[in-house]
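Remarks on the structure that follows.
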Amino acid sequence: MKVLAIDCAANLCAACVYDAGARQELGRAVLDLGKGHAEHLMAVIAEALKAGATAYAGLGAIAVSVGPGSFTGLRVGVSTARGLALALKVPAVGVTTLEALAAEAAGAFPGRAVLAALDAGREEIHAALYDEMSVLTYGPAVVTLADAVAMASERSSVLAGTAATRIAASAGRAFDTGPETATADILTYARLAAAKGEGERPKPLYLRGADAKPQAGFILSRQGK
């Protein structure tokens with residue numbers, strides 16, 4: 001099965017074609033835009049398909065990053081993925097940016113817990129904690145810097161994402177660190193989506209502090225018992 005992966009969650013407008021059976025990337029196209037994903041995404045997809053010598057009809061699934069990330073970029077990426085999946089009659093599979101960043105960190109430090117954390121502004125952090133088997137144990141949710149430090153320190157987690165440096169500085173200690181970017185490599189999204197298979201239709205992941213903070217405190221208090 002060939003998977004087309006799309007990522008518009010952050011500054012990049014990226015696409016790649018991945019052969020899940022051969023576990024091989026066939027082609028990619030990446031633009032560092034910052035803004036303007038809607039104007040460039042279809043051209044980026046076309047370039048990736050051409051590089052991968054693949055036609056739309058040859059695709060078996062569409063993978064897309066669902067956030068957290070840029071509000072506009074997520075809407076562009078997810079709506080495009082869902083539209084293509086509907087037209088081609090193939091599944092669309094969503095992968096969170098935190099999941100993808102954590103997977104890259106786990107690849108560099110196998111058998112370790114990983115805290116993927118992104119700066120969210122207003123002293124907030126978007127975070128997800130994965131155990132030593134890469135199983136999600138908390139999040140994705142909005143947490144405070146203090147909460148993120150507590151989660152990272154609990155298991156001496158590997159850090160990933162744009163908030164990694166802030167967490168380590170606040171903790172006053174060094175952590176092993178994976179990618180410190182706002183999004184993962186486009187191939188990571190393709191691989192994770194291929195492993196997931198068909199599920200619910202993807203939708204943008206928007207996190208709000210008012211919904212997540214009480215849950216974060218509750219979980220952290222239980223972890224301390």
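When a residue number appears, it is its place in the shown sequence, counting from 1. Source: prediction; values computed, not measured. Worth knowing before you read on, the calculation uses all heavy atoms, side chains too, and leaves out hydrogens, waters and symmetry mates.
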Measure from the side-chain N and O atoms of [X] to the backbone N and O of [Y], and report whether any donor-acceptor pair falls under 3.5 Å.
{"X": "T188", "Y": "A184", "value": "no"}
{"X": "T162", "Y": "A182", "value": "no"}
{"X": "T177", "Y": "F175", "value": "yes"}
{"X": "H37", "Y": "L12", "value": "yes"}
{"X": "D19", "Y": "R23", "value": "no"}
{"X": "S170", "Y": "I167", "value": "no"}
{"X": "K196", "Y": "G94", "value": "yes"}

Should we count [atom1] of [X] as having more than 12 external heavy atoms under 6.0 Å?
{"X": "R173", "atom1": "CZ", "value": "yes"}
{"X": "K203", "atom1": "NZ", "value": "no"}
{"X": "R82", "atom1": "CZ", "value": "yes"}

Practice problem: Looking only at non-hydrogen atoms, find the nearest pair between C16 and R28 and report the distance. | Solution: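 Taking every non-hydrogen atom into account, CB-CB, 3.7 Å.
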Practice problem: Take L88 and Y56, measure what side chain to side chain contact (heavy atoms under 4.5 Å, CB included) needs, and give me the verdict at the end. | Solution: CA-CA 8 Å; L88 298 172; Y56 279 108; 3.9 Å; yes
Quiz item: Does the side chain to side chain contact (heavy atoms under 4.5 Å, CB included) test come out yes or no for L145 and R166, once each step is laid out?
Solution: CA-CA 8 Å; L145 178 58; R166 284 181 61 206; 3.9 Å; yes
Quiz item: Does a donor on one side chain sit under 3.5 Å from an acceptor on the other, for T165 and E180?
Solution: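 Yes, because at least one side-chain N or O of T165 sits under 3.5 Å from a partner of the opposite role on E180.
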Quiz item: Taking the side chain as C-beta and beyond, is there a heavy-atom pair between T97 and P68 under 4.5 Å?
Solution: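 Yes, side chains in contact.
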Quiz item: Tell me, which pairs form a side-chain hydrogen bond (donor to acceptor under 3.5 Å, both in side chains) where one or both residues lie in residues 5-15, sequence neighbours left out?
Solution: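 Qualifying pairs: D7-S65, D7-T183, N11-D32.
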Quiz item: Does the pair L49 and V17 meet the rule for a side chain to side chain contact (heavy atoms under 4.5 Å, CB included), with working shown?
Solution: CA-CA 6 Å; L49 290 170; V17 180; 3.8 Å; yes
Quiz item: To the nearest 0.5 Å, how far apart are CD in E124 and CG in D147?
Solution: 11.0 Å
